[in-house]
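Heads up, the thing below is written out as structure tokens.
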Amino acid sequence: MAKLAPSHLLQTPLSSKPTSLPRLSSTLTLLDDLGHLGELKTLSSVKAVHAQMIKMSNNNKMDIKAKSLATCYLEFGDSRSAAMAFFVGSAHYLPWSPFLEEFRRYGNDPEDVLKFFLEFHNRGVVFDSRVLGFVLKLCGNLKELWLGLEMHAYLIKKGFDLDVYLNCALINFYGTCLGIESSNQLFDEMHKKEDMLWDEVIKLNSKKGRWVKVLELFSNMQLSFAKPNSATIINALQACGKVRALNEGKQIHGYVLRWGLESNLSICNSLISMYSRNDRLELAKAVFDSMNDHNLSSWNSIISSYTALGCLNDAWIVYYEMELSDVKPDIVTWNCLLSGHSLHGSYQEVLAILKRMQDAGFKPNSSSITSVLQAVSELCLLKHGKEIHAFVIRNGLDYDVYVGTSLVDMYVKNNCLSFAQSVFDNMKNKNIFAWNCLISGYSFEGLFEDAEQLLNSMSQEGIKPDLVTWNGLILGYAMKGRHKEAIAAIHRMKSSGLTPNVVSWTALISGCSQNENHAESLKYFLQMQEDGIRANFATISSLLKACAGLSLLRKGEEIHCHSIRKGFIEDVFVATALVDMYSKAGNFRSAYEVFRMIKNRTLASWNCMIMGFATYGSAKEAISLFNEMRGAGLQPDAITFTALLSGCKNSGLVDEGWKFFDSMSTDYNIAPTIEHFSCMVDILARAGYLDEAWDFIQTMPLKPDASIWGAFLASCLTHKNLEFAETAAKNLFELEPHNPANYVLMMNLYSISNRWVDVERLKDLMRKVGVKHSPVWSWTQIDQKIHMFCAEGKPHPDLGEIYFELYHLVSEMKKLGYEPDISCVHQNIDAVEKKKMLLSHTEKLAITYGLMKMKNGEPIRVVNNTRVCSDCHTAAKYISVVRKCEIFLKDGTRFHHFREGKCTCNDCW
DNA sequence: AGAAACGGAA
């Protein structure tokens with residue numbers, strides 16, 4: 001209840017005149033009837049009148065006078081005298097509850113009200129049910145459990161327990177003091193359930209957010225033929241929205257029509273919200289259109305339906321209709337628009353709407369601020385974020401827990417952890433959202449000590465870490481390659497009593513594959529299944545990423561089948577991941593089939609497919625797909641151009657490369673990144689334009705990194721340009737001294753040039769720097785088993801048979817003109833040894849094993865981790881003729897598809 | 001009318 005008495009009155013000296021007394025006039029009118037007008041401007045004059053009244057106490061209008069007098073005392077803040085006046089004058093037959101309510105309204109503490117009640121109860125006043133109900137309510141508010149329970153006992157003893165008002169009060173009291181469950185229990189035990197009682201218990205459950213219970217009660221209420229009031233219908237409709245109970249909502253709609261309640265605006269507005277929360281915009285709209293009258297709330301409900309469901313343009317249309325019908329928007333209207341645009345990713349519009357609402361004279365409140373902060377953090381507009389932070393402080397909105405949490409989140413998302421921490425420290429009430437934001441902020445930055453420390457402090461402050469807290473930690477650990485700690489976190493959350501769900505496990509799995517730990521991804525997927533957790537869309541996309549990373553075509557195919565069975569294939573993320581998996585694992589036909597099947601392709605889907613063609617060496621298809629994409633109205637991004645340029649690189653298209661490189665900045669306003677520059681260097685140098693590539697490197701606006709020099713060095717080797725190569729190598733040895741590939745390339749170049757002294761010098765350098773050789777391997781999958789062929793380490797068990805087959809094969813190939821290319825061996829040994837060396841290349845072993853084990857007609861698929869040498873490349877072409885087979889070879893940089901003596905790379909790799 | 005967790009492309 002609002003305090004009507006200005007508090008300064010209580011501090012005013014009793015003799016001075018109160019300035020304005022809003023309720024005094026009515027009191028005076030009453031006293032005026034009794035002939036005492038005019039004098040009552042001070043407490044002392046009230047007292048004087050009181051004294052006079054006591055003198056003529058035989059007056060039979062004493063009760064009315066007592067009430068007026070008591071009210072007068074209350075207005076002057078003398079509650080004690082007020083109560084006494086009331087008691088003396090009228091106690092036994094006047095209803096006390098208006099007095100007590102009045103008493104409370106004048107700003108007296110509820111404790112005092114209770115004290116008075118007890119005092120007069122002890123003086124023998126017998127109160128009616130309304131007073132008792134009022135006092136019970138106070139007991140609830142003050143958490144006076146024992147007094148309330150005593151009153152319950154007293155009521156039963158006096159037979160009051162049949163009074164519906166009191167029963168309502170009791171249910172209410174139990175709810176506030178002992179929890180909603182005891183209210184529900186008490187309600188169940190009540191024999192006679194009047195309509196009001198149903199209304200009360202539904203109201204309480206609705207307040208507590210027990211939506212399922214609300215619906216259960218509402219349905220039972222109808223079964224007992226009780227008639228709900230409109231508040232109850234509104235509560236039930238709200239419940240149908242919250243738990244997405246569309247059928248129940250429709251039934252209530254029917255009920256509303258049957259009882260002719262469709263003229264009740266509030267009920268109709270609730271119907272609109274109910275349908276909107278059940279994603280049935282057309283039904284929401286139908287209710288809105290059927291209404292004879294619309295108030296502001298109705299307009300807000302329908303606008304909110306449109307914005308919540310992402311129909312932003314329609315929302316604006318309704319907004320203008322509303323303006324035309326002369327209803328002015330309020331802050332709620334603006335906040336609906338803000339939150340809808342923010343929710344559906346129209347972040348720029350959020351900022352525009354903010355400006356519009358401010359121009360219209362509305363000051364953003366805490367709700368507006370949360371939507372705006374979300375947009376600001378997604379747009380990475382840290383500067384705007386800080387301005388809003390200042391606005392929040394100026395306007396005292398920082399006490400709002402939503403605003404505080406949104407600020408922490410905004411700073412976390414903009415990598416501003418120190419600000420996030422300081423906002424967090426200043427929050428008066430921290431809820432679990434704020435803790436989780438900050439913990440995941442530290443975790444994603446790899447600052448695990450801070451994250452773990454926060455985890456400890458939140459437990460100490462009595463906030464139990466939840467699934468989201470743990471997910472933040474798990475994902476952070478997994479993304480930073482610390483998968484042991486990530487799985488440990490899964491176990492820790494188990495021992496804290498939480499059951500990791502599919503999101504927790506997916507965080508682990510996806511974190512590992514984001515960090516290229518694909519094998520771990522697959523391992524943890526198995527553990528997840530052992531834990532009895534089923535995969536969802538997100539898990540499947542992460543797994544496909546792992547399969548793509550490992551080129552595990554068979555595994556990917558299994559997941560594809562599973563996705564079709566479970567309907568995951570409908571998800572654009574899953575479908576796009578499939579396209580990527582198939583292109584990386586070497587099944588372009590399937591990649592293309594899946595791509596064509598996707599109904600709602602996103603930019604990523606197009607990019608994956610363009611990239612697929614590019615790595616496969618089909619630059620023409622990549623380019624025509626790009627044109628198709630443009631025709632479909634999609635704007636390319638930086639990744640599209642990386643794909644196009646690497647297509648040009650793999651197909652040796654210099655002119656097209658230049659064209660796309662220029663076009664991305666001039667036509668599409670996309671600044672080239674280091675990857676684009678690196679592609680361009682590769683395109684130029686590979687085609688033999690080494691001088692142009694050199695100039696390009698010298699004039700590029702970004703500092704050349706290892707990818708630039710690496711691309712350049714590889715082409716220097718192809719074109720045997722020692723001078724450029726040495727410059728490139730010098731840079732590379734500084735930029736990445738521990739990468740063995742650079743030393744190997746350089747040694748190869750020296751060996752071709754017969755500069756064995758330099759080869760030895762580099763070997764020494766590698767030893768001095770401590771560069772480790774990376775193992776060279778190839779593998780092929782036969783049935784369910786992966787067969788590895790490593791240059792070093794454990795040999796394959798069937799190696800003898802493989803060499804037997806390979807010798808046989810080579811002699812057949814020689815008949816067709818094959819000649820071993822010994823220039824591929826960069827060791828200072830004689831030609832016979834070099835030829836033996838060539839036979840041991842892991843690609844040849846894997847291909848041969850494939851030939852031995854594959855059923856007829858099946859293509860052979862081999863994955864290799866280096867750049868395939870020209871002898872193996874030539875050999876594969878001959879093999880495809882001799883054995884009439886197709887060979888897919890994925891090497892460290894691209895794809896080769898050998899068929900009928902030709903390779904799709906056109907010998908350019 | 002309002003906040004946080006897992007997913008695809010280089």
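Computed from heavy atoms alone, side chains included, the values below leave out hydrogens, waters and symmetry copies. By convention in this document, chain letters (A, B, ...) are assigned in the order of the sequence lines, proteins followed by strands, and residues within each chain are numbered from 1.
With distances taken from any side-chain atom of A:Ser367 to the nucleotides B:dA3, B:dA5, B:dA1, the minimum falls on B:dA1.
A:Thr539 comes within contact range of no nucleotide atom at all, as no heavy-atom separation falls under 4.0 Å. Here A:Ser510 lies in heavy-atom contact (under 4.0 Å) with sugar-phosphate atoms only. Within 4.0 Å (heavy atoms only), A:Thr673 reaches no atom of the nucleic acid at all. As judged by a 4.0 angstrom heavy-atom cut-off over every strand, A:Leu475 is placed among residues touching the sugar-phosphate backbone only. As judged by a 4.0 angstrom heavy-atom cut-off over every strand, A:Asn436 is placed among the base-contacting residues. Counting non-hydrogen atoms under 4.0 angstrom, A:Leu467 reaches nothing in the nucleic acid. As judged by a 4.0 angstrom heavy-atom cut-off over every strand, A:Asp400 is placed among the base-contacting residues. If you check every strand for non-hydrogen atoms under 4.0 Å, A:Ser366 touches a base.
Using a 4.5 Å heavy-atom cutoff, the side chains of A:Phe448 and A:Arg482 are in contact.
If you check distances only, the side chain of A:Asn536 never reaches the base of B:dG7 with a donor-acceptor pair under 3.5 Å. Contact of A:Thr576 with B:dG8 (side chain to base): a donor-acceptor pair of N or O atoms is detected under 3.5 Å. One can find a donor-acceptor pair under 3.5 Å joining the base of B:dA3 and the side-chain atoms of A:Asn431. A donor N or O paired with an acceptor N or O is found under 3.5 Å between the base of B:dG8 and the side-chain atoms of A:Thr602.
At a cut-off of 3.5 Å, with distance as the only test, a side-chain donor of A:Thr539 or A:Asn536 sits close to an acceptor on the other residue. Checking A:Ser297 against A:Asn300 by side-chain atom types alone, no donor-acceptor pair falls below 3.5 Å.
Contact check on A:Lys555 versus A:Glu558 returns a salt bridge, with a Lys/Arg side-chain nitrogen under 4.0 Å from an Asp/Glu carboxylate oxygen. Ion pairing between a basic and an acidic side chain is recognised when a charged N comes within 4.0 Å of a carboxylate O; A:Arg596 and A:Glu628 show such pairing.
Rounded to whole Å, the distance from CD1 on A:Ile540 to P on B:dG7 is 14 Å. Separating the CZ atom of A:Arg277 from the P atom of B:dG2 is a distance of 7 Å, rounded to the nearest angstrom. The nearest whole Å value for the distance from the OH atom in A:Tyr306 to the C1' atom in B:dA1 is 19 Å. The distance from atom CD1 of A:Ile369 to atom C1' of B:dG2 is 11 Å, rounded to the nearest whole Å. Atom pair A:Met493:CE and B:dA5:C1' shows a separation of 10 Å (rounding to whole Å applied).
Phosphate contact (OP1/OP2 of B:dC6, side-chain N/O of A:Gln514, threshold under 4.0 Å): absent. For B:dA3, neither phosphate oxygen OP1 nor OP2 lies less than 4.0 angstrom from any side-chain nitrogen or oxygen of A:Lys413.
With its ring centre under 5.5 Å from that of the base six-membered ring and a plane angle below 30°, A:Phe573 counts as stacked on B:dG7.
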